[in-house]
Visitor: 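The structure's right below; bear with me while I get my questions together.
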Amino acid sequence: MPRKITRQKRRTERFLQWGLVAVLTVLSVYLVSRLAAPYLVSSSLVRSALERAVAEWTGHTVHIKGAPEISFFPEPRITLNAVRISKPTAEGEKVLAEIERLSASFGLLDAVRGSPEFREFRLGHPRVFVERDQQARLDWASEGRLSSAVKSVRPREDGHQTLDADADAEVGSVTVEEGSIAIHDQASRRTFVVDGILADVSWPRLSSALTAYVTLRTGGREARLDLSTPQPLLLFGGREASIGLDWTSPILTASFDGRASLAGDDLVSGAMKASSRDVKSLAALSGVHLPGIETAQTASVSAELVRTGRDLRFDQLELTVDDAHATGILELSPPESGRRRLSGTLAFDRFDITRLLDAFSQKDDSGEAPPRQLDFDLSLSAGQARLAPFTIENIAASLLATPDKIRFDIADGTFASGRLQARLDGAGPSFAGGGTLQLSLADADLSDLAERLTLKGPLPDGRGSLELALKADRPIWTADPSGIDGTIRLAASAGTLRGVDTAALRRLAGEKPFFHLSEGIGADLPFDTLVFAAHLSAGSATIDEARIKGPSDDLQLSGIIPYASQGLALSATLSPPATAGDAAAPPLRFFIGGSWPDPVMSPAP
């Protein structure tokens with residue numbers, strides 16, 4: 001037994017000895033190679049090889065001003081200073097990128113053989129300049145290796161990409177330190193600048209998947225972008241590609257998992273979510289002009305995107321703007337005359353009509369309507385809709401907005417226990433050409449209507465209908481009363497006129513040359529029918545017809561109501577009904593002046 005243990009011990013000792021010799025040998029070779037590397041590797045050869053590699057990859061001219069720096073510990077790496085990438089144009093040389101420091105690692109043996117292969121690229125303070133034309137093409141397109149790979153790549157059924165062996169190449173990792181990108185978009189004539197870029201890109205080969213983790217600054221705010229795609233060449237080529245995105249910044253958090261194309265800035269299909277805690281700043285940063293975006297504070301949206309023909313449909317849509325929440329389906333149609341069209345259905349729990357209409361009447365500092373980038377054709381519904389200071393229940397409405405007109409229709413709604421229908425038309429963008437309103441309220445509770453309108457004085461009590469036709473040279477809801485023209489008609493049956501005691505009026509008319517209406521308050525005036533019609537202009541209502549017919553008295557009015565100043569200038573006739581006998585009271589004529597709601601009554605001779 002002791003002999004067996006001794007043999008095992010000797011074997012272990014010999015194994016450790018040989019292992020130590022191997023480690024020392026490898027370490028010695030490594031150290032010798034690093035010490036001898038400066039004498040074995042030509043720095044000019046490596047410099048020229050990296051310069052050719054960059055030119056081959058980009059397909060553009062490469063200029064290097066600074067002297068190269070080569071280090072061999074802990075791995076061979078070359079650093080080029082003051083690198084410029086450019087291309088010739090009709091106007092001369094156009095600079096596409098400037099890189100303060102470009103470094104890459106390379107294989108020592110390959111360098112000794114005179115054909116170094118580079119990997120693990122690091123770009124220090126790169127500045128990239130991109131021009132995007134009207135067709136969404138980038139001026140970085142070239143005949144380089146990357147461009148050739150983009151042209152020859154093919155999608156695979158498993159969601160990846162395939163590339164011929166002669167077009168494939170090793171990429172490795174790319175690290176960007178304090179980079180910037182300036183993109184000039186010819187269509188919008190705007191330049192988007194993204195700076196402070198710190199990125200780690202992992203892309204083993206052209207044919208493999210790509211992942212990138214990027215932090216950057218845009219609009220002076222820090223942001224984080226995580227991107228992954230198994231089809232990077234398809235994506236760079238403007239074709240449909242699978243992609244996963246996560247964006248995090250102080251004003252916007254968003255994610256997308258699906259298929260997208262860079263050619264038209266279009267998402268093709270997939271699940272998307274986005275939320276913003278500062279909508280106004282987001283709009284200013286992105287340059288997007290949408291109605292209401294200037295007044296909104298927070299917003300969030302989630303949907304399943306589906307491409308149907310040329311339209312992009314938002315299924316299972318969940319939309320929240322401030323405290324208004326909606327669900328529905330929307331479709332975004334391709335541009336017609338340079339504008340996209342958003343159509344569909346949204347069901348809100350509640351929304352503010354005034355705020356919605358205000359959103360379409362916004363003007364910039366110069367007094368002009370800001371250019372809208374979308375046309376709208378929406379169907380809207382809500383359990384409650386606020387039209388300050390009123391609330392409409394169970395509303396069904398539609399909104400149509402084009403460069404030439406805006407139309408808001410209330411097809412159905414409940415107001416003052418009656419059925420409400422209305423149409424608001426605006427001429428030109430932002431109601432620049434004025435607006436018209438047609439409104440019909442049927443079978444409404446007139447006392448409830450008066451309470452909602454906060455009206456005081458002798459008002460009808462019962463059920464009736466109201467019709468309005470108004471127009472103004474500005475949005476109706478913002479116009480001064482003196483700037484509204486139109487007509488009004490109120491009709492009712494089987495009710496009472498509160499605060500009008502005809503017996504008291506006759507008594508006071510026999511006692512006084514004038515008196516206030518409040519002096520004769522007593523019983524109300526019952527009626528079988530009530531009609532009031534007038535046309536409005538310059539802050540006054542001129543009565544076309546005003547008649548109350550009741551079982552005991554008929555009342556007829558004529559004259560003008562300067563409602564802008566709450567004044568009255570009326571003549572009235574109080575007479576018995578046509579069916580009354582000879583013993584009925586004689587007609588009483590009087591003038592009504594003063595101010596509402598307690599006018600002065602003056603009997604006529």
Side-chain angles (χ1 to χ4, degrees), residues 416-418 441 443-466 488-534 540-563 565-605:
S417 302
L441 179 61
D443 194 27
D445 184 336
L446 297 181
S447 61
D448 186 17
L449 176 62
E451 184 177 348
R452 291 174 182 245
L453 295 173
T454 64
L455 297 178
K456 305 296 182 181
L459 299 169
D461 188 359
R463 303 197 71 85
S465 61
L466 174 67
I488 180 172
R489 180 179 177 84
L490 176 68
S493 59
T496 59
L497 186 61
R498 293 176 296 171
V500 177
D501 186 342
T502 56
L505 292 179
R506 292 179 185 277
R507 177 178 55 81
L508 290 169
E511 298 174 353
K512 298 181 178 182
F514 58 87
F515 54 89
H516 284 275
L517 179 62
S518 59
E519 297 180 48
I521 290 179
D524 296 332
L525 173 62
F527 61 81
D528 298 321
T529 60
L530 178 150
V531 176
F532 176 85
S540 295
T542 301
I543 294 177
D544 298 320
E545 180 183 8
R547 182 184 296 274
I548 295 176
K549 292 185 177 182
S552 58
D553 288 284
D554 290 351
L555 177 63
Q556 185 174 349
L557 301 172
S558 62
I560 298 175
I561 304 175
Y563 55 83
S565 59
Q566 295 185 326
L568 294 172
L570 303 176
S571 63
T573 301
L574 182 64
S575 60
T579 57
D582 296 338
L588 172 63
R589 294 179 177 84
F590 50 91
F591 299 105
I592 304 175
S595 61
W596 194 267
D598 190 16
V600 175
M601 320 290 289
S602 177

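These values consider heavy atoms only, across backbone and side chains, with no hydrogens, waters or symmetry-generated copies. Note that the structure is predicted; figures quoted are calculated from it, not measured.
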Visitor: With R507, which residues qualify under salt bridge (Lys or Arg N to Asp or Glu O under 4.0 Å), at least two apart?
Guide: E511
Visitor: Under 3.5 Å, sequence neighbours excluded: what are the donor-acceptor pairs made by side chains of residues 447-455?
Guide:
{"from": "S447", "atom 1": "OG", "to": "D445", "atom 2": "OD1", "distance (Å)": "2.7"}
{"from": "D448", "atom 1": "OD1", "to": "R452", "atom 2": "NE", "distance (Å)": "3.3"}
{"from": "D448", "atom 1": "OD2", "to": "R452", "atom 2": "NE", "distance (Å)": "3.4"}
{"from": "R452", "atom 1": "NH1", "to": "T391", "atom 2": "O", "distance (Å)": "3.1"}

Visitor: If you define the side chain from C-beta out and look only at heavy atoms, does anything of W596 sit under 4.5 Å from S565?
Guide: no
Visitor: What is the distance from atom OG of S465 to atom CG of L490, rounded to the nearest 0.5 Å?
Guide: 7.0 Å
Visitor: Is it the case that more than 12 heavy atoms not belonging to F591 sit under 6.0 Å from its CZ atom?
Guide: no
Visitor: Minimum heavy-atom separation for P576 to D554, with atom names?
Guide: O-OD2, 4.2 Å
Visitor: Working to the nearest 0.5 angstrom, can you tell me the gap between L525 CG and D553 CG?
Guide: 6.0 Å
Visitor: Measuring only between side-chain heavy atoms, which start at C-beta, is L446 closer than 4.5 Å to L530?
Guide: no
Visitor: Measure the shortest side-chain to side-chain distance between P460 and F532 over non-hydrogen atoms and say whether it is less than 4.5 angstrom.
Guide: no
Visitor: Rounded to the nearest 0.5 Å, what's the gap from CD1 on I560 to OG1 on T542? Could you check?
Guide: 4.5 Å
Visitor: With a 4.5 Å cut-off on side-chain heavy atoms, are R489 and D544 touching?
Guide: no
Visitor: Which atoms form the tightest heavy-atom contact between P603 and F590, and what is the distance?
Guide: CA-CB, 3.5 Å
Visitor: If you compare all heavy atoms of A534 against all heavy atoms of I543, which two are closest, and at what distance to 0.1 Å?
Guide: CB-CA, 3.9 Å
Visitor: According to side chain to side chain donor-acceptor pair (under 3.5 Å), who are the partners of E545, at least two apart in sequence or on a separate chain?
Guide: none
Visitor: Other residues, nucleotides and ligands only: do more than 12 of their heavy atoms fall within 6.0 Å of CZ on R589?
Guide: no
Visitor: As an exercise, state the distance from CG of L517 to CD1 of I592, rounded to the nearest 0.5 Å.
Guide: 8.0 Å
Visitor: Can you name the nearest heavy-atom pair linking D524 to P526, along with the distance?
Guide: O-CD, 3.2 Å
Visitor: For K512, give me all partners under salt bridge (Lys or Arg N to Asp or Glu O under 4.0 Å), at least two apart in sequence or on another chain.
Guide: E519
Visitor: Restricting to non-hydrogen atoms, name the atom on L505 and the atom on F515 that form the minimum distance, rounded to 0.1 Å.
Guide: CD2-CE1, 3.8 Å
Visitor: If you measure from OG on S518 to CE on M601, what distance do you get to the nearest 0.5 Å?
Guide: 10.5 Å
Visitor: Evaluate the side-chain proximity of I548 to L497: yes if any heavy-atom separation is below 4.5 Å, no if none is.
Guide: yes
Visitor: Listed by chain and number, what are the side-chain contact (heavy atoms from CB on, under 4.5 Å) partners of S558, not counting sequence neighbours?
Guide: S571
Visitor: Considering residues at least two apart in sequence or located in another chain, which fulfil the salt bridge (Lys or Arg N to Asp or Glu O under 4.0 Å) criterion with D443?
Guide: R463
Visitor: Considering only heavy atoms from C-beta outward, does the side chain of L466 approach that of I488 to under 4.5 Å?
Guide: yes
Visitor: Do you know which two heavy atoms are closest between P597 and P458, and how far apart they sit?
Guide: O-CD, 3.9 Å
